[in-house]
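Since the structure comes first, as structure tokens, the remarks are kept for the end.
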Amino acid sequence: GAVDITKPNITFAGEGLIKCDIGFRPKASNFKVVGLRFESTEYAQDSRAFEINNAHTTGTTPTYIQGFTFKDCSFKNFFYAVCCAGGSYSYDGTEEAVGYPVRDVVIENCYSETFTDQNAGHFQCIQVENISYINNRTYGGKNASSYNAIKGNGYIRVIGNYDHNNSYASCELENGTGKAIVANNTFNHRIWIDDSFDAVVNGNTAEGGIYITVGSNNGDASNVIVSNNVCKNIRCEQFGTYYGGLIKHLNITGNNVNGDNTH
């Protein structure tokens with residue numbers, strides 16, 4: 001079962017392998033993991049090496065927790081290696097976002113390998129402020145992007161990462177997420193900016209293309225710069241069941257677009 005960590009200022013450090021079925025659940029600030037390897041012993045949706053869940057009741061003022069670092073770690077066969085949730089998520093945008101109940105998440109120089117034939121991702125943040133995905137390597141994934149920020153995240157850096165063989169997307173910023181830079185990554189699949197704003201996508205190799213989309217009633221895709229990337233194509237369109245939103249203030253410049261236009 002899940003192991004709760006309820007005290008602040010805890011560090012896991014070492015060189016060993018930890019096998020677990022569900023994983024650890026930090027619930028207090030200033031939690032750090034350095035150098036360890038983690039492996040899931042079974043496939044399950046709640047099999048997450050680390051899940052930081054500070055979701056609050058709609059309409060209340062949340063208690064903030066902050067300062068979560070994962071560095072030089074290895075993860076294998078989890079549904080998510082690290083999932084940080086300061087709030088809930090609904091596709092149509094009906095849930096309420098109240099502030100940023102989780103803050104300051106750093107995932108750096110980590111390795112994550114997961115399934116290609118079952119639903120799985122790697123790193124996800126929901127309603128988190130100050131996210132850094134830096135110099136990580138990910139392999140595999142299905143129906144969940146490898147580097148994900150969803151629903152009202154702010155101040156995001158996705159820099160210098162590698163992703164291979166995720167059949168859904170390498171990086172996705174979605175549903176009211178903003179103030180982000182996605183730069184200098186090498187991705188086997190797409191970079192996806194969905195219903196999000198104030199984003200710079202620069203200097204990436206994205207074999208699956210770059211998508212700018214709207215549709216889930218979480219606002220416009222606005223103030224997006226797509227520059228100096230090498231990619232299959234750049235697509236600007238509605239996505240899924242369209243509820244609302246516009247693509248606007250979009251700057252596309254200096255890209256090397258090398259696909260065959262079959263879409």
Side-chain angles (χ1 to χ4, degrees), residues 80-82 107-116 119-125 131-150 153 155-175 177-216 220-240 247-263:
Y80 281 116
V82 180
I107 302 174
E108 183 178 359
N109 200 36
C110 290
Y111 171 92
S112 180
E113 178 183 353
T114 195
F115 303 95
T116 58
N119 292 345
H122 296 279
F123 306 119
Q124 173 169 266
C125 286
I131 304 165
S132 296
Y133 298 140
I134 308 292
N135 293 337
N136 301 288
R137 292 153 294 145
T138 54
Y139 295 82
K142 180 181 178 181
N143 292 328
S145 52
S146 296
Y147 303 90
N148 188 231
I150 181 172
N153 297 279
Y155 304 102
I156 304 165
R157 290 158 302 282
V158 184
I159 300 175
N161 302 283
Y162 174 85
D163 178 61
H164 185 75
N165 209 23
N166 186 324
S167 60
Y168 186 71
S170 293
C171 175
E172 184 173 11
L173 311 181
E174 55 181 311
N175 291 30
T177 288
K179 303 188 186 307
I181 182 165
V182 181
N184 301 331
N185 301 284
T186 306
F187 288 153
N188 180 237
H189 213 293
R190 78 188 79 167
I191 296 172
W192 196 349
I193 310 298
D194 177 56
D195 297 299
S196 296
F197 59 94
D198 296 354
V200 176
V201 181
N202 181 74
N204 304 280
T205 296
E207 189 172 344
I210 298 173
Y211 289 18
I212 315 296
T213 62
V214 290
S216 65
D220 300 322
S222 62
N223 303 328
V224 178
I225 298 172
V226 180
S227 58
N228 304 313
N229 302 282
V230 177
C231 58
K232 175 183 177 180
N233 53 48
I234 300 172
R235 301 175 62 164
C236 306
E237 59 194 5
Q238 296 176 4
F239 171 72
I247 297 174
K248 60 184 184 181
H249 308 308
L250 176 63
N251 185 331
I252 300 175
T253 183
N255 301 280
N256 184 324
V257 180
N258 53 39
D260 59 11
N261 204 31
T262 55
H263 69 281

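- Taking the six-membered ring where tryptophan is involved, the planes of Y168 and W192 are tilted, since the angle between them lies from 30° to 60°.
- In terms of heavy-atom proximity, A120 sits nearest to T114 at CB-OG1, 3.5 Å.
- Partners of S170 by side-chain hydrogen bond (donor to acceptor under 3.5 Å, both in side chains), not counting sequence neighbours, listed by chain and number: D163.
- Considering only heavy atoms from C-beta on, Y147 stays 4.5 Å or farther from V182 through its side chain.
- Counting only heavy atoms from C-beta outward, the side chains of C171 and N185 never approach each other to under 4.5 Å.
- Residues Y111 and R137 have side chains that never bring a donor and an acceptor to within less than 3.5 angstrom of each other.
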For this session: Take T213 and E174 through the test side chain to side chain contact (heavy atoms under 4.5 Å, CB included) and record every step on the way to the result.
Result: CA-CA 9 Å; T213 62; E174 55 181 311; over 6 Å; no
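- The structure places CG of N251 at 10.5 Å from CG of N223, a figure rounded to the nearest 0.5 Å.
- Residue Y155 qualifies as open at atom OH: its count of foreign heavy atoms under 6.0 Å is 12 or below.
- I150 and Q124 make their closest contact through CG2-OE1, 4.2 Å (heavy atoms, listed as atom of the first residue, atom of the second, distance).
- Atom OH of Y133 sits about 6.5 Å away from atom CG of N148, to the nearest 0.5 Å.
- In this structure, the side chains of N258 and C231 stay at 4.5 Å or more apart for every pair of heavy atoms.
- The line from NE2 of H189 to CD of E172 is 11.0 Å long, rounded to the nearest 0.5 Å.
- Residue Y211 is tested with D194, N233, I191 for a side chain to side chain contact (heavy atoms under 4.5 Å, CB included); the sole match is N233.
- Shortest non-hydrogen contact noted between E207 and K232 is O-CB, 3.1 Å.
- V201 pairs with exactly one of I193, I225, I252, I212 by the side chain to side chain contact (heavy atoms under 4.5 Å, CB included) rule, that one being I193.
- For the atom pair I131 CD1 and I156 CD1, the distance stands at 4.5 Å (nearest 0.5 Å).
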Exercise. So Y139 and N165, side chain to side chain contact (heavy atoms under 4.5 Å, CB included) or not? Walk me through it.
Worked result: CA-CA 6 Å; Y139 295 82; N165 209 23; 5.8 Å; no
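- Across all non-hydrogen atoms, the minimal contact from N166 to K142 is OD1-N, 4.0 Å.
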Problem set entry | Verdict with reasoning, F187 to S146, per side chain to side chain contact (heavy atoms under 4.5 Å, CB included) | CA-CA 10 Å; F187 288 153; S146 296; over 6 Å; no
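- Formation of a donor-acceptor pair under 3.5 Å by the N119 side chain with backbone atoms of A144 is not found in this model.
- Under the rule for a side-chain hydrogen bond (donor to acceptor under 3.5 Å, both in side chains), N135 has no partner lying at least two apart in sequence or in another chain.
- Once rounded to the nearest 0.5 Å, the distance linking OG of S132 with CD1 of I181 reads 11.5 Å.
- Side chains of S216 and D195: a donor-acceptor N/O pair is present below 3.5 angstrom, by distance only.
- In this structure a side-chain-to-backbone donor-acceptor pair under 3.5 Å is present from H122 to G140.
- Results of the side chain to side chain donor-acceptor pair (under 3.5 Å) test with N202 over N228, N255, N229 single out N228 as the only residue that passes.
- Atom CD1 of I159 and atom CG of N136 lie 11.5 Å apart (nearest 0.5 Å).
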